[in-house]
Amino acid sequence: MVTVNRNYLKLPGSYLFSTIAKKVKAYKEANPQAKVISLGIGDVTQPLVPAVIEALHKAVEEMGHAETFHGYAPDLGYEFLRTAIAKNDYQHRGCHIEADEIFVSDGAKSDSGNIQEIFGLDNKVAVCDPVYPVYVDTNVMAGRTGDYSQERGNFDGVIYMPCKEENGFVPELPKEVPDLIYLCFPNNPTGGAITKDQLQEWVDYANKNGSVIIYDAAYEAYITQDNVPHSIYECEGARTCAIELRSFSKNAGFTGVRLGFTVVPKELVRDNVSLHSLWARRHGTKFNGAPYIVQRAGEAVYSDEGKAQLKEQVGYYQRNAKAILDGLSQAGFTVSGGVNAPYIWLKTPDKMASWDFFDYLLEKANVVGTPGSGFGAHGEGFFRLTAFGTYENTLEAIERIKNL
Ligand SMILES: *Cc1c(COP(=O)(O)O)cnc(C)c1O
């Protein structure tokens, strides 16, 4: 008899963004004249920059000629891209990372979900609360957690590290020592950042206790403050305790193109086994490489033109973030984030529940955001707005919220 992976059945109800989509659809059907603005989902709106488009065209053309055609890409990524990444993202920032420690993939969502596979099922996992749901759900699917508690709004057997107003949305070192620690900074959903000194404490803690930090740096391009690290490898000792995940989605608009990478330093050893070799094995067995065309587009992100054009594009979203942050604080809201990240974390007025505020904003201002409670129990009473809209829509949405 066929049995299924019953761990999947532990996952509670519908996915956050499908619930939002259903509510918005119902509202639009009932109010066809309403001009609804979405500052909800974390997807970009600006087109790919010219340097990237040019690289794509060129690579497409190459694929049409026998002499320049490319079949399967190397499992771990083309040398030209891994070298560009190691040089630009790491060596130029003073981080010791080599090209052969970079594993090119189709994005950070897959990597953040897949990385848990190289660890035993008895590892204890710690996540921030609120959290990017992928880290938790993939560990649930693997059977690394207990059941979901409806009452608490989270899973048994997971260490949740509250990120609250009082700690500046940076968690405290957990008392119960975890094996795997997921950190994402600058953070989705809170938009909060961690300073280099604070991150150094986590690196020291992980090295002392033998934990591994899985560091999601998908939003590093949005950092504006000097004391905020772009990579965990800026911290001393990170090569022996940290894996870093990166994406081309938020810095270069590749959400629909798909490209990312994971860094696993060769010194990272646990249980007498090199994690670099385990991830290489996993990647080589289950992944047949990111497309040649897309890796050439990724390479263009590091060209002089690409860098200049993307600085401008990220600046466009940063200007939105600042407009939301300034506008809403002038309107009397308590807001945070938005300085080193494209997310603004808004405290709901009068302790309104996150979903109630969602309905209120949709009905009264025709603005869509994301209820904080959808990201975890400690997100209750908060609301996420993204800076990924157009500038015009962003200003219009702020005006409407101000006039509530
Ligand atoms: C958007 C995002 C990513 C990037 O995902 P891709 O699969 O590369 O598009 C990774 N981590 C977090 C926290 C994100 O918000």
Side-chain angles (χ1 to χ4, degrees), residues 15-17 20 38-46 48 52 77 81 85 89 102-116 125-139 161 163 169-171 181-194 213-223 230-232 242-263 283 287 289-291 294-295 297-298 301 310 313-314 317 321 337-338 340-345 369-370 372 374-376 379 384-389:
Y15 184 56
L16 175 62
F17 291 102
I20 292 173
S38 176
L39 302 182
I41 197 161
D43 198 359
V44 296
T45 51
Q46 294 297 298
L48 296 172
V52 167
L81 180 58
I85 292 169
D89 283 327
I102 313 276
F103 299 80
V104 176
S105 73
D106 63 351
K109 185 175 192 175
S110 346
D111 285 350
S112 66
N114 291 331
I115 193 72
Q116 47 80 26
V125 172
V127 294
C128 290
D129 178 8
V131 66
Y132 180 60
V134 178
Y135 314 150
V136 179
D137 290 1
T138 52
N139 276 292
M161 308 182 291
C163 295
F169 304 102
V170 173
I181 303 169
Y182 288 80
L183 294 178
C184 170
F185 286 105
N187 188 261
N188 176 10
T190 69
I194 193 166
I213 298 174
I214 298 162
Y215 193 72
D216 186 339
Y219 294 99
E220 65 77 32
Y222 290 83
I223 292 171
H230 288 253
S231 163
I232 195 168
I243 291 171
E244 183 163 288
L245 313 172
R246 290 275 190 108
S247 165
F248 287 75
S249 287
K250 314 301 168 31
N251 63 328
F254 277 39
T255 52
V257 179
R258 311 305 309 141
L259 192 65
F261 62 90
T262 289
V263 183
H283 214 59
F287 186 62
V294 172
Q295 294 195 51
V301 165
L310 288 169
Q313 184 166 87
V314 168
Y317 297 129
N340 297 295
Y343 297 112
I344 285 79
W345 195 235
T370 313
F375 298 102
R384 191 191 75 175
L385 293 173
T386 86
F388 285 131

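Note that ligands are numbered from 1 as they come in the structure, with each ligand's atoms numbered from 1 the same way.
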Would you check the N or O atoms of N188, main chain and side chain alike, for any that come under 3.5 Å of an N or O of ligand 1?
-> yes
What atoms of ligand 1 come closer than 4.0 angstrom to any heavy atom of Y135?
-> 13 (C)
For ligand 1, which atoms, with element, lie under 4.0 Å from some heavy atom of G107?
-> 7 (O), 8 (O)
min-distance protein heavy atom vs atom 2 (C) of ligand 1 -> K250 NZ, 2.5 Å
Of all heavy-atom pairs between P342 and Y222, which one has the smallest distance, and what is that distance?
-> CD-CG, 3.7 Å
Of V127, L245, T262, the one forming a side chain to side chain contact (heavy atoms under 4.5 Å, CB included) with I214 is L245
Got the closest protein heavy atom to atom 12 (C) of ligand 1, with its distance?
-> D216 OD2, 3.4 Å
Can a donor-acceptor pair be found between the side chains of S112 and D216 at a distance below 3.5 Å?
-> no
Proximal atoms of ligand 1 relative to A218 (non-hydrogen, under 4.0 Å) = 3 (C), 10 (C), 11 (N)
Report yes or no: do N251 and R246 form a side-chain donor-acceptor pair below 3.5 Å?
-> no
The protein heavy atom nearest to atom 5 (O) of ligand 1 is K109 N, 3.6 Å
Under a 4.0 Å heavy-atom limit, does F261 contact ligand 1 with its side chain, its backbone, both, or neither?
-> neither
Identify the protein heavy atom lying closest to atom 15 (O) of ligand 1, giving its residue, its atom name and the separation to 0.1 Å.
-> Y219 OH, 2.6 Å
the protein heavy atom lying closest to atom 7 (O) of ligand 1 turns out to be R258 NH2, 2.6 Å
From CA spacing to verdict: side chain to side chain contact (heavy atoms under 4.5 Å, CB included), Y219, Y343 = CA-CA 10 Å; Y219 294 99; Y343 297 112; 2.6 Å; yes
Short version for C184: what comes under 4.0 Å of ligand 1, heavy atoms counted, is side chain
What residue and heavy atom of the protein are closest to atom 9 (O) of ligand 1, and at what distance?
-> S249 OG, 2.6 Å
Spatial distance of atom OG (S105) from atom CG (L259) [nearest 0.5 Å] = 7.0 Å
Any idea how Y135 and Y182 line up, ring-wise: parallel (<30°), tilted (30 to 60°), or perpendicular (>60°)?
-> parallel
For L183 and P171 the tightest heavy-atom approach is CD2-CG, 4.3 Å
Does F185 have a heavy atom less than 4.0 Å from any atom of ligand 1?
-> no
Just which atoms of ligand 1 are under 4.0 Å from any heavy atom in S247?
-> 4 (C), 6 (P), 8 (O)
Minimum heavy-atom separation for A290 to V104, with atom names?
-> CB-CG1, 4.2 Å
